[in-house]
Amino acid sequence: MCGIVGAISKDKNIVPLLITGLENLEYRGYDSAGVAYFKNKKINIVKVTGKVNKLKDKLKENESSNIGIAHTRWATHGKATTINAHPHKFKHITLVHNGIIENFNILKEFLIEQGYSFKTNTDSEVAAAILNYYYEKYTDIDKTIQEFMSTIIGSYAIGFIVDNDYENIYCLKKESPLIIGVSNNTNMISSDIRAILKYTNKYYILDDFEYAKIDVSKVIIKSRTGDIISKELKEYIDEDANSSKGHYKHYMLKEIMEQKETILKTALPFIEDGINSLLTLPDLTKYKEIDIIGCGTAYHAGLVAKYLFTELTNTRCNVYLASEYRYQNNFLNKDTLSIFISQSGETADTIAALKLVKKKKCPNLGIINVKESSMTLLVDKCLYTKAGNEIAVASTKAYTAQVTILSLLALSHGYRNKTINKNQVLEVLKEFKNIKTLITPILNKKETYLSIAKNIYKEEDIFYIGRGLDYALSMEGALKLKEISYIHSESYAAGELKHGTISLIKKNTPVLCSATNDKLNAKTISNLKEVLARGANVYLITNTKIKDDSFKIINIPKTSDFIKPILIVIPYQLIAYYTALLRGTSIDKPKNLAKSVTVE
Ligand code: M6R
């Protein structure tokens, strides 16, 4: 993961530019942060553990430079300590790195044999040392970078500066994203154009095995063989310029509330003109099977789609965790459409899985939120979720936007393959148009969620159960709670508890459940009775009238299955939020996590 930024300017102090860039890149990690810049012709390095705010405090206010690089870290090799923080300086080379150097141990041994010694156990220090090794050997930057690219196994986006070279920043990349932002007299590098939009929206995208030399007025991009490459200068149009928290205490709460708009915004292109609009979605009838691939919350959105495709459109659908998919036999063939779901479009495992499908020239489709992200450039076709900037690490509005697209995709498919008739389609479209009215009362039940949170926030283990679609939702509910409250929470198929897990149920163990399927509700209720009999406290989300004092019930309206997942997940999101709030955790940036998971 990690975020890197660098800047060189003829007439600006770049230190504030680097800090703003890092603040905007914190979604990529926030274990430690650091900056390196030329000061009186010497490289000055300042590092801290923790978030960029701490770095800002540590830097003296009048710190000034016209060239520097900076980093916000999500620790992989080596703990989140100051010494392990970037930038790493190895003799002539000072570097920031995002990615993983897989052969760093072998390279380290080789360098130790050459008389090198290391201060850290990071792979990035080895990357700096290798660059230094070739730089001392060839005294030529092009040759140094080219040799480095041939030597390194792994992924990297690297920015570096060289002692006594006050006029250039160098950068290179393989598999980790890197862009070069361009403006008058100031050029920058960044993991993400959105991090430097305050300074420029014009940028070059660096492709794998490309590198660049950047000064105040020029950007020279080269291939791994040293040939100059002429690239398209892109322009980023920011549709979500307003990313402030507004009156909300946390981005997560703001983003949960924004679902009133984001679901409709995502759906609108496919519903506004009735069935005609719906049929602008890709025709899936030419495929025999659908594979859906994603990680975390995106994977959970895929599980919802599996239910919709299999149960409602009679179409085979498999869902895979990208981290598993990339190392298994996937029986890839041209009759299977692979759908890749990602908020960031930068998730390393999902990208790797997508590359496998592309290598076999098999059809693929992306459902992605971030425009111009790496995955959008790779997929055959992309359907954009219109969730807007999702800043909280816990995904909420991106999930419901993903479910929206998937629901509409299943609906259009059902219409095309005649498993869903015209009236049913029109009914669902009407529900989508009416989504704000359907979800606003659910969003507004703060007191209900808060009172549940008060009952559960001191617990150590919480279980989420459900059947069918409700089971898919319970997985998302459990993930939301554990990632922001740090309470151990697990999801189980309701019928599976008695095969082992029920032994963990004891007096007052919270069990959260949704039962929204008329055919399965009675079965689920029986399972709830079983945990109640063992002392559990049960909280039930349902769209059916259930009169039972032994459960705490949250009612949601009855709708079609295409809308239902959106309604079920909102109570789960808000229970997680208020529970974390009572526990006083870092809700928007939970420990050990990052918004964008760009390493394996
Ligand atoms: O950016 P992506 O959608 O590819 O990210 C996938 C997961 O890392 C992400 O959904 C993660 O599970 C969320 N933080 C969960 O809230």
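Since this is a predicted model, take the numbers as computed values, not measurements. Worth knowing before you read on, the calculation uses all heavy atoms, side chains too, and leaves out hydrogens, waters and symmetry mates. Each ligand, and each atom within it, is numbered from 1 in the order the structure gives.
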Residue set satisfying salt bridge (charged side-chain N to carboxylate O under 4.0 Å, His left out) with Lys480, at least two apart, ordered chain then number -> Glu476, Glu483
Would you kindly check if the NZ (Lys) or CZ (Arg) of Lys173 is within the cone defined by 45 degrees around the ring axis of Tyr156 and under 6.0 Å from the six-membered ring centre? no
What residues come within 4.0 Å of ligand 1, counting heavy atoms only? Cys295, Gly296, Thr297, Ala298, Ser342, Gln343, Ser344, Thr347, Val393, Ala394, Ser395, Leu479, Lys480, Glu483, Val597
Is there a donor-acceptor pair under 3.5 Å between the side chain of Glu431 and the backbone N or O of Ile563? no
Only counting residues at least two apart or in another chain, list the ones meeting salt bridge (charged side-chain N to carboxylate O under 4.0 Å, His left out) with Lys552. none
Considering only residues two or more places apart or on different chains, which pairs with a residue in residues 347-367 satisfy side chain to side chain donor-acceptor pair (under 3.5 Å)? Arg326-Asp349, Ser344-Thr347, Asn364-Asp380
Within 45° of the axis and under 6.0 Å from the centre of the six-membered ring of Phe209, does NZ or CZ of Lys174 qualify? no
